[in-house]
Structures are given as C-alpha cells and as structure tokens.
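Below, chain A is the first sequence line, B the second, and so on; all start at residue 1.
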There are 2 protein chains.
Amino acid sequence: MQEFSRSLPMMLYRTLDAVMPRFRQIFSEFGLTEQQWRVLRVLWQHEQIAFRELADLTLISPPSLVGVVDRLTRSGLADRRRSDTDRRHVFVHATGKGAALESQVRPRVDKAYAELRGSVDTKTWNALIAGLEQISSIDEEAEEKTASRQVINE
Amino acid sequence: MQEFSRSLPMMLYRTLDAVMPRFRQIFSEFGLTEQQWRVLRVLWQHEQIAFRELADLTLISPPSLVGVVDRLTRSGLADRRRSDTDRRHVFVHATGKGAALESQVRPRVDKAYAELRGSVDTKTWNALIAGLEQISSIDEEAEEKTASRQVINE
DNA sequence: TGTTAATAGTTAATATATTAACTAAAGTGA
DNA sequence: TCACTTTAGTTAATATATTAACTATTAACA
C-alpha cells in the first residue's frame, strides 16, 4: 500500500489536507469559503477583471465560478458588469464592502502563511515549489491555447 | 499577483489540475470516479477493511466516503459488512466484480503513472516527494491521536 | 445495573467540481 | 445579408467536500 499512499496525487492531497485547515479557519471567521477568498484575493488587485481571466487566476472552472460569484454578489462583496463592446463578456469587480474586507482578512492569512513558510527550511521549500512548478507545466504545450487566450481590458 | 499565484496552495492545486485529467480519463472509461478508484485501489489489497481505516487510507472524509461506498455498492463493485463484535463498526470489501476490475484498470493507470514519473528527472521528483512529505507531516503532532486510532481486524 | 459519556457511521445543509448541453452574441464567408 | 461556426457564460446532472447534527452502540462508573 505504501506505493499508492506515497504516489504523487496522494501526496498532493495529503499536503493540502495538512495545510488548508488553518486558512479555512480564518476564512470562516469572516464568513468566506476558500473559493470566495481566492476570488476576492484576485479582485483586490484588479479594478475589474474578465470572467474567464478570473477563472484562470483562481483555478476555479467557469461552471463553478458562476456559483462563487453569485454568492459573493448575494453577500454584497462583488458584482458583475456586462461588457458594452462585446455583450458576451462579463467583468467582475469587488464592491466597497468587498474591498474593505482586504484589510481585515489579508493580515491574518499572510501571517498564517508566513508561519507555514517558516516551519520548513528554505532549501526544502524552494525545491518543493520548483518541483511543483515543473510538473504543473508538463502539459504546458497542451495548455498553451488556453494561456494565449486573449486578455480583455476595456 | 505573482505571489498569490505561486503560493504553496495554488501550486498544489495547479499541479493536481495538470496531473489528474489523464487519470480521470482512464477512470471514466470504466465508469469510475477518482474517489471510487481510490477506494477500489485500497480494497484490492484488503480482504476487508474497517470503514474508518478506509477513510484514512483514501483521504476521503467519512461523510463523503459514505456516498462513495453507496455508489460502489449500487454498481455491484463493493459491499458493507456489520461487525459482529461491535455493531458500530462497518467493514467494506470488494465484490467479485469489483475485484475483477483490477486487472483491467490498474495496468492502464500504472502505465500512465510511469509516463508521468518518466517526464521528470529523478532528482527533482525525489525532492518534490520529500518536500510534500515534510510539509504534510508538520501537523503530525496534532494528528497523532488520529494516527493512533485503534486498527480493527476481526 | 441504570445512567452518562464516548464512538462509529450516517444524515443534513450548503458549497464546489466535473462534464455535457444550451443560449446569446459575435465573427465568417458566399 | 443569411446560414454556419465560434466564443463566453450559464445551466443541468451527478458526485464530492466540509461542518454540524443525529442515531445506534458501547464503554465507564457511581
């Protein structure tokens, strides 16, 4: 069983299981889910962003992102805007309330992240990130059409 | 944004997104989901296994595992057995049909895994696995009560 | 031994993930 | 300009994930 237990996918899931609870704990204190946090995290750095680009940056598939944005909208933290030049496009942006959350949540999350980072020696950490980088880009050729998708900005 | 995009959690998710599709493709050819595969993968090596241990080995939480085992049961691939000594315990085991799947699916999955493994140099791969191992065991102290949970075998 | 605390699995409620199908809006070329 | 193809976002159907109850059984102990 050792073999299966130590396979790359299982190690990745195990690592996420070990790392994420501390962050989710913080998110929940602000009534946010992990995905909602990811969306806000991106919105805080873009006046507005194309729906598809938001999906790419948050690693949330479009079908899932629809619901996440819906719930953020209901909570009054984000909103949608239809593009005027191409009505197929949708832009998402944080509301004042959503933007205001940044100063509350980010310090907590950044601190937790720093603690996590500090619990591992730099050499191991860098090797880990480099390895993840390399494997996640293996299929980059196949993904290139996605990457080359036009970036909308109006 | 680079910082967020390259954070450990995002790198872990990105890597899973890059690695899992090839396996899910195979699973789907046999009408299996990723979680169902994980359960079968464990059942193939245990005549029967305690529900909780199955949850630990597959990294599927008990509430989720209930549904996975339900569906495997409906498909005729697995089944439940109540413990006679302690009727709170449940054992899960693969049916003949479920066991027969191993010779069909595993070769395909093992081959795909070997290809994945072969696409990265050994040094990088080992460093990656070691890093994941280290980080996933950071909270091992807190998890120890879980690890020490009694292993049932009747 | 009756009562209370602890366990194992399950159910509930809500949010996501994944794949396929659909709708509206552009883009294309005859 | 009309039929055909693409594209962007959304909906649908089904399977999971996550946290908080709940139920059936045991274990503990006065």
Side-chain angles (χ1 to χ4, degrees), chain A residues 13-14 16-17 20-25 27-29 31-39 49-56 58-75 80-92 145-146 148-152 154, chain B residues 13-14 16-17 20-29 31-39 49-56 58-75 77 80-92 145-146 148-152 154:
Chain A
Y13 286 124
R14 203 191 315 282
L16 279 167
D17 284 351
M20 296 315 295
R22 76 195 69 196
F23 294 112
R24 296 199 188 114
Q25 159 63 31
F27 302 151
S28 72
E29 288 177 35
L32 297 176
T33 63
E34 186 187 331
Q35 293 71 194
Q36 290 173 359
W37 147 267
R38 276 195 250 163
V39 168
I49 184 172
F51 185 86
R52 178 69 221 200
E53 199 187 345
L54 181 59
D56 290 340
T58 56
L59 302 183
I60 296 173
S61 70
S64 294
L65 186 56
V66 169
V68 177
V69 172
D70 279 350
R71 285 178 283 278
L72 281 174
T73 298
R74 268 183 239 146
S75 305
R80 285 177 169 86
R81 284 176 191 151
R82 275 282 167 194
S83 165
D84 291 320
T85 56
D86 185 337
R87 301 194 45 68
R88 288 173 302 182
H89 288 85
V90 166
F91 293 89
V92 183
K145 50 186 171 188
T146 301
S148 67
R149 207 187 337 262
Q150 192 194 346
V151 173
I152 310 293
E154 67 172 15
Chain B
Y13 285 124
R14 203 190 316 282
L16 279 168
D17 284 351
M20 295 315 296
R22 77 195 69 197
F23 295 111
R24 295 199 189 113
Q25 158 63 32
I26 298 173
F27 302 152
S28 73
E29 288 177 36
L32 298 175
T33 64
E34 185 188 332
Q35 293 71 195
Q36 290 174 358
W37 148 267
R38 276 196 250 163
V39 168
I49 184 172
F51 184 87
R52 179 69 221 198
E53 199 186 346
L54 181 59
D56 290 339
T58 56
L59 302 183
I60 296 173
S61 70
S64 294
L65 186 57
V66 168
V68 178
V69 172
D70 279 350
R71 285 178 283 278
L72 281 174
T73 298
R74 268 184 238 145
S75 305
L77 302 175
R80 284 178 170 86
R81 284 176 190 152
R82 274 285 166 192
S83 165
D84 291 320
T85 56
D86 185 337
R87 301 194 44 66
R88 287 172 304 183
H89 289 84
V90 166
F91 293 89
V92 183
K145 49 186 172 188
T146 301
S148 68
R149 204 186 340 262
Q150 193 194 347
V151 174
I152 310 294
E154 66 172 16

Please give me the minimum heavy-atom distance between A:Leu16 and A:Pro21, naming the atom from each residue. O-CD, 3.9 Å
What does A:Thr33 touch in the nucleic acid at a heavy-atom separation under 4.0 angstrom: a base, only the sugar-phosphate, or nothing? sugar-phosphate
Answer with base, sugar-phosphate or nothing: what part of the nucleic acid does B:Leu65 contact at a heavy-atom distance below 4.0 Å? nothing
Which part of the nucleic acid, if any, lies within reach of B:Glu34 when heavy atoms closer than 4.0 Å are counted: base, sugar-phosphate only, or nothing? nothing
Enter the inter-axis angle for the ends of the helix from C:dT1-D:dA30 to C:dA30-D:dT1 (five pairs per end, rounded to 10°). 0°
Rounding to a whole Å, what distance do you find between B:Asp86:CG and C:dA6:P? 17 Å
Can you sort out the partners of B:Arg87 under side chain to side chain contact (heavy atoms under 4.5 Å, CB included), two or more places apart, ordered by chain and number? B:Arg82
For D:dT10, does either OP1 or OP2 sit under 4.0 Å from a side-chain N or O belonging to A:Arg80? yes
Return the value, rounded to whole Å, for the distance between atom CZ of B:Arg38 and atom P of D:dA15. 16 Å
It should be established whether A:Gln35 places a side-chain nitrogen or oxygen under 4.0 Å from OP1 or OP2 of nucleotide C:dA17. yes
Has B:Arg87 got a side-chain N or O lying under 4.0 Å from the OP1 or OP2 atom of D:dT26? no
Measure from CG on A:Asp84 to C1' on C:dA26 and round the result to the nearest Å. 15 Å
Nearest to the side chain of A:Phe51 - D:dT10, D:dT25, C:dT10? D:dT10
Do B:Leu32 and B:Leu77 come within less than 4.5 Å of each other through their side chains, counting heavy atoms only? yes
Rounded to the nearest angstrom, tell me the gap between atom CG in B:Leu16 and atom C1' in C:dT18. 15 Å
Within this structure, what is the CD1-to-P distance between B:Ile26 and C:dT19, rounded to whole angstrom? 14 Å
Is B:Arg24 close enough to C:dA17 that one of its side-chain N or O atoms is under 4.0 Å from OP1 or OP2 there? no
Would you kindly give the CZ-to-P distance between A:Arg52 and C:dA25, to the nearest whole Å? 21 Å
The residue, B:Arg71 or A:Val90, whose nearest nucleotide of DNA chain D is more 5′ is A:Val90
Nearest atoms (heavy-atom pairs only) where A:Val39 meets A:Ile60: CG2-CD1, 4.1 Å
Any side-chain N or O of B:Ser64 under 4.0 Å from OP1/OP2 of D:dT16? no
State, to 0.1 Å, how close A:Phe91 and A:Ser83 come at their nearest heavy-atom pair, and which atoms those are. CE1-CB, 3.4 Å
Hey, is the side chain of B:Arg88 poking within less than 4.0 Å of OP1 or OP2 on D:dT23, counting only N and O atoms? no
Sequence neighbours excluded, which residues qualify as side chain to side chain contact (heavy atoms under 4.5 Å, CB included) partners of A:Arg80? A:Val66, A:Val69, A:Asp70, A:Thr73, A:Val90
Return the 5'-most residue of the pair A:Arg74, A:Pro63 with respect to DNA chain C, ranking by each residue's nearest nucleotide. A:Arg74
When rounded to whole Å, the CG to C1' distance for the pair B:Leu72 and D:dT16 reads 13 Å
Separation of D:dT16 atom C1' from B:Asp70 atom CG, nearest Å, is 13 Å
